[in-house]
Amino acid sequence: MVDHELPSEIARRRTFAIISHPDAGKTTLTEKMLLYGGAIHLAGAVKSRKAQRHATADWMELEKQRGISVTSSVLQFEYAGYAINLLDTPGHQDFSEDTYRTLMAVDSVVMLIDAANGVEEQTRKLFEVCSRRGLPIFTFINKMDRYGRPPLDLLAEIEEVLGIRSTPINWPIGMGSDFKGVYDRVHRRCELYQHIGHGEKRVPMISIEPEDDALREVLGKEAHDTLVEEISLLDVAGDPLDLDRVNKGDLTPVFFGSALNNFGVQSFFDHYLGMAPPPLGRKIEDGVWVEPTDSEFSAFVFKIQANLNPAHRDRIAFIRIVSGNFERGMNAYHVRSQRQIRLSQPQQFLAQERSLIEEAYPGDIVGLFDAGVFQIGDTLTEGSTMRFVGIPHFSPERFVTVRLKDAMKRKQLVKGLAQLSQEGAIQLFRPAGWGATDTIVGAVGALQFDVMHYRLKHEYGVDAHLEPAPYQVARWVQGDVDPKLLESRDSVSVFDRFGRLAVLFTSEWALRWAERNYPDLRFEDTASIIGEEAEWIAAMR
Ligand code: G4P
């Protein structure tokens with residue numbers, strides 16, 4: 001492949017994730033996209049992921065979940081000439097730091113909302129991460145075939161709870177069993193649907209102008225009047241579609257529909273893919289941007305997935321390509337270790353199948369077999385020593401202390417914890433005033449502790465006892481302060497894996513108290529992942 005194809009390959013790529021609360025319909029919408037794109041031929045193929053819904057922590061379940069997560073971490077497929085990379089943001093019990101960090105590897109997101117439930121907790125958390133990055137956010141309000149909340153109420157809630165302005169691109173015609181279709185405000189036409197089977201690919205559709213008498217007949221006078229009134233209201237009262245504002249994350253285009261019934265789904269995909277940005281560049285240390293069209297290959301690691309099966313101790317490091325061409329078997333420069341490495345066996349994923357890839361372009365996600373070389377945040381180049389910045393640690397929400405049942409196993413424990421933290425599954429903190437070997441482990445989702453316990457036992461032969469620690473938030477401290485001063489009954493000062501000062505608080509309230517008492521300090525809820533580990537980690541080994 002010659003380089004002049006790079007710009008056109010970049011232009012047709014879309015790398016995104018769907019953010020939503022469990023049950024809003026993410027699996028259903030994903031499946032419809034695969035179906036319409038021709039990547040699968042029958043609805044139901046992605047449904048096996050549902051098995052993880054009630055995952056418990058026993059071996060079988062963890063294994064099943066591991067298998068499912070690996071294969072669905074990223075779906076790559078073609079849709080109407082676009083090359084799609086759809087990244088999974090795991091929810092439920094496997095909500096973790098990875099879920100947040102995945103958002104560092106995308107260029108836009110689809111925010112999926114259940115029309116009856118509005119903006120829910122997990123959506124709000126994920127939205128905040130996207131919003132901070134200034135990512136373009138496109139909203140799909142799902143399940144309009146059920147009686148949900150009035151559309152205008154939902155728009156008001158998005159604006160109030162999330163603080164983002166909205167601009168409806170289509171408007172629902174009716175709701176619940178009267179949900180007949182959508183009015184497309186860009187093309188100024190109504191799309192009416194008929195109910196057909198869940199598995200069928202396309203829904204017969206009538207496209208008709210809103211003033212058409214035939215439409216009045218189909219809808220009935222009352223519904224038709226309401227529609228005409230609502231359309232004219234939106235035209236005068238709503239925010240106009242302004243792609244500059246969308247690209248900055250100030251305005252979200254909103255679509256209504258029903259993923260299950262294929263109502264408004266295809267028109268959503270078509271509008272969305274047309275409006276969403278192609279792969280964007282990424283920042284390196286000195287504030288310079290690497291552009292996707294730069295000819296030197298560069299990429300960063302945003303996720304490492306370990307195999308829980310003791311028979312296959314391999315890990316997969318997921319990289320996002322930022323610039324240049326990727327080719328199978330190429331050598332790349334691993335900036336942190338200052339070594340050339342061969343990128344063999346690159347994997348691409350579609351549903352349950354993995355396949356080897358020959359080449360890839362900016363925006364693509366590639367899975368590399370990893371024998372323990374990679375760490376989250378690592379940069380790969382063709383020789384430059386630049387490093388991408390901005391892959392952070394997020395504040396854990398749960399904490400435990402680890403006690404050994406057999407003190408002779410210390411070395412293995414330390415090795416295991418160091419490895420797991422390198423993969424980004426857990427975070428290690430060393431309390432400033434505690435014994436030299438005490439560590440507190442933090443994670444965003446509780447399931448991480450089950451995974452940690454399981455892996456310590458099966459991979460490192462360590463039977464560890466995990467004791468819940470009473471903390472709920474971590475904040476990295478910026479500013480000059482004696483760590484002891486930040487300690488109280490409700491907080492402990494700690495050093496993170498890279499030796500930076502942080503404080504763990506038992507509640508948001510305790511955090512607010514510290515913020516009020518130390519107005520000169522900054523308490524940050526993320527910290528960038530940097531190369532060199534702190535001495536205390538090395539000393540533990
Ligand atoms: P998730 O991945 O976001 O957790 O949601 P998922 O797609 O699994 O959907 C959750 C439930 O909502 C499923 O029902 C699904 O069929 C339903 N659903 C999705 N989209 C729509 C829609 O547009 N309208 C309606 N009415 N329901 C929708 P379930 O009963 O939990 O599972 P299933 O038995 O249907 O598979």
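Counting convention: from 1, in listed order, for ligands and their atoms alike. All heavy atoms count here, side chains included; hydrogens, waters and symmetry mates do not.
Legend: residues meeting salt bridge (charged side-chain N to carboxylate O under 4.0 Å, His left out) with E211, ordered by chain and number and at least two apart, are absent. Scanning for side chain to side chain donor-acceptor pair (under 3.5 Å) contacts around H271 gives D184, with sequence neighbours left out.
Counting atoms of ligand 1 from 1 in the listed order, those under 4.0 Å from a heavy atom of K26 are 1 (P), 2 (O), 3 (O), 5 (O), 7 (O). For ligand 1, the atoms sitting less than 4.0 Å from at least one non-hydrogen atom of D23 are 1 (P), 3 (O), 4 (O), 5 (O), 10 (C), 12 (O), numbered in the order shown with element in parentheses. Against a heavy-atom cut-off of under 4.0 Å, S258 is close to the following atoms of ligand 1: 22 (C), 23 (O), 24 (N).
Nearest to atom 17 (C) of ligand 1 by heavy atom, out of Q122, K143, M144, is K143. Of the listed options D114, D145, I18, D145 places a heavy atom closest to atom 24 (N) of ligand 1.
For P22, no nitrogen or oxygen atom sits less than 3.5 Å from a nitrogen or oxygen atom of ligand 1, counting backbone and side chain alike. Checking only distances, G25 does come within under 3.5 Å of ligand 1, N or O to N or O. Distances between N or O atoms of S20 and those of ligand 1 include no value under 3.5 Å.
Counting heavy atoms from C-beta on, the side chains of E217 and D213 never come closer than 4.5 Å.
Remark: the backbone N or O of A474 is paired with a side-chain donor or acceptor of S395 at under 3.5 angstrom. At least one donor-acceptor pair under 3.5 Å links the side chain of R14 to the backbone N or O of A11.
Between the side chains of S108 and Y272, at least one donor N or O lies within less than 3.5 Å of an accepting N or O.
Among L87, L126, I19, the one residue that satisfies the side chain to side chain contact (heavy atoms under 4.5 Å, CB included) test with T102 is L87.
Under 4.0 Å from ligand 1, the heavy atoms of N142 that appear belong solely to its side chain.
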